[in-house]
Amino acid sequence: MARTRLLRRGSYKDKALWKDAENMTTVGFIGSGSIGSTIARLALEAGHQVVLSNSRGPGTLADTVARLGPGASAATSEEAAATGEIVVVTVPVTAFPDLPAAPLMGKTVIDTCNYGPERDGHIAELDSGSLTSSELLLRYVPDAGLVKAFNTIYFKHLLSLARPAGAADRSYLPIAADSAPAKAAATDFIDSIGYGVVDAGPLADSWRQATGTPVWGSPYGPYSNEKGRPAGDDVIRAALATATP
């Protein structure tokens, strides 16, 4: 793919960023909390467009859109799902039934969600391990190309650890998916915003990156260190390998 070199002030600590200038992606967001807005910020710095949404309506996102600047807009969840070429879902597990399934048909959907019984209530299939939270989500968006990603990293670390491809201190994120094309699309997007990826297998294996597993949070340093600690692919692979059901 032909690439154009873009130097964007503030992106990756003012380093040059490589990005396909003719094929920028519009990324829709269903949920615009800390992780969603951080991914949106990185996406904008990489030259993408973002469309944000939440459960309270686009009017409540005016401050977030203004803070993110040009390239960001707000819409309903249905509009964000329809507009986004890639759609990031970052909502509580209890909100899965409310997702707009029809406009997500055939699209790459990135699932950042973590199950937490203290917030979501107990869900027997998730408690027993017979189903991963991503497999549960897929029941509600069965025609989407679902990819588990971004659920293992603190949002402040996600922002501070982004590096251009080839950087010696580039960090990696685990991703899981059943769809090879969706996994490839998510990999390209994640690469464009400053991270490499480690293939963690199908959605059935995404329990290896669930809350409390070795790859969740720890590789990137403690929350008290807001800048975080770079985690290479070897670190992420080792953490995934030591996970137990």
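Side chains included, hydrogens not; waters and symmetry mates left out as well; all remaining heavy atoms used. For the single chain, residues carry numbers from 1 onward in sequence order.
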field: Val51 to Ala75 - nearest heavy-atom pair and separation
entry: CG1-CB, 3.7 Å

- line: Smallest heavy-atom separation, Pro174 atom then Ala200 atom, equals CB-CB, 4.4 Å

message: What's the separation between atom CG in Leu52 and atom OG1 in Thr90, rounded to the nearest 0.5 Å?
response: 11.0 Å

- prompt: For the residue pair Tyr154 and Tyr223, does the interplanar ring angle fall in the parallel (under 30°), tilted (30 to 60°) or perpendicular (over 60°) class?
  reply: parallel

- prompt: Under the criterion salt bridge (Lys or Arg N to Asp or Glu O under 4.0 Å), which of Arg163, Arg229, Lys227 is the partner of Asp169?
  reply: Arg163

Exam field: side chain Tyr140 to backbone Ala101, donor-acceptor pair closer than 3.5 Å: no

task: Measure from the side-chain N and O atoms of Ser34 to the backbone N and O of Phe155, and report whether any donor-acceptor pair falls under 3.5 Å.
output: no

message: Let me check something: do Val215 and Leu173 share a hydrophobic cluster, defined by ILVMFWY side-chain heavy atoms less than 4.5 Å apart, either directly or through other members?
response: yes

task: Spell out, as yes or no, whether a donor-acceptor pair under 3.5 Å connects the side chain of Asp178 to the backbone of Leu203.
output: yes

Thr83 side chain vs Ala80 backbone, donor-acceptor pair below 3.5 Å: no

- prompt: Got a donor-acceptor contact below 3.5 angstrom from the His157 side chain to the Asn225 backbone?
  reply: yes

- prompt: Hey, are Arg41 and Glu45 close enough for a salt bridge, meaning a charged N less than 4.0 Å from a carboxylate O?
  reply: yes

Salt bridge (Lys or Arg N to Asp or Glu O under 4.0 Å) involving Lys156 - partner list, sequence neighbours excluded: Glu226

- prompt: Under the 3.5 angstrom rule, does the side chain of Ser77 hit a backbone N or O of Ile30 as a donor-acceptor pair?
  reply: no

message: Test side-chain contact (heavy atoms from CB on, under 4.5 Å) on Val89 and Leu99; report intermediate values, then the result.
response: CA-CA 9 Å; Val89 173; Leu99 293 174; 4.1 Å; yes

- prompt: When rounded to the nearest 0.5 angstrom, what distance separates CZ in Phe96 from OG in Ser133?
  reply: 5.5 Å

message: Run Asp111 and Asn151 through side-chain contact (heavy atoms from CB on, under 4.5 Å) and show every step you take.
response: CA-CA 8 Å; Asp111 164 25; Asn151 69 303; over 6 Å; no

Residue pair Pro100 / Pro103: nearest heavy atoms and the distance that separates them: O-CD, 3.3 Å

message: Applying a strict under-4.5 Å side-chain criterion to I, L, V, M, F, W and Y, I'd like to know whether Val198 and Ile39 cluster together.
response: yes

query: Between Asp188 and Lys183, does at least one N-O distance fall below 4.0 Å, as a salt bridge requires?
result: no

message: Let me check something: do Val147 and Val88 share a hydrophobic cluster, defined by ILVMFWY side-chain heavy atoms less than 4.5 Å apart, either directly or through other members?
response: yes

- prompt: Out of curiosity, does Leu104 fall in the hydrophobic cluster containing Phe150 (side-chain heavy atoms, cut-off under 4.5 Å, transitive links)?
  reply: no

Hphob cluster co-occupancy, Trp207 + Val93, side-chain heavy atoms under 4.5 angstrom: no

query: Step by step, would you call Tyr115 with Asp127 a side-chain hydrogen bond (donor to acceptor under 3.5 Å, both in side chains)?
result: CA-CA 9 Å; Tyr115 169 56; Asp127 288 340; 2.7 Å; yes

query: Charged N to carboxylate O under 4.0 angstrom, Lys148 versus Glu135?
result: no

- prompt: Could you walk me through whether Thr26 and His48 pass the side-chain hydrogen bond (donor to acceptor under 3.5 Å, both in side chains) check?
  reply: CA-CA 6 Å; Thr26 298; His48 301 298; over 6 Å; no

- prompt: Which pair of non-hydrogen atoms, one from Tyr172 and one from Ile236, has the smallest distance, and what is that distance?
  reply: O-CG1, 3.5 Å

- line: Ala176 and Ser206 have their tightest heavy-atom pair at CB-CB, 3.9 Å

message: Could you check whether atom CG of Asp63 has more than 12 heavy atoms from other residues, nucleotides or ligands sitting under 6.0 Å from it?
response: no

- request: Verify side-chain contact (heavy atoms from CB on, under 4.5 Å) between Val91 and Asp98, making sure each step is shown before the conclusion.
  value: CA-CA 10 Å; Val91 299; Asp98 301 322; over 6 Å; no

query: Is the backbone of Gly31 close enough, under 3.5 Å, to the side chain of Asn54 for a donor and an acceptor to pair up by distance?
result: no

- request: Kindly give the heavy-atom pair with the smallest separation between Thr132 and Ala204, and that separation in Å.
  value: CG2-O, 3.6 Å

field: Test item: Thr25 side-chain N/O and Val27 main-chain N/O as donor-acceptor pair under 3.5 Å
entry: no

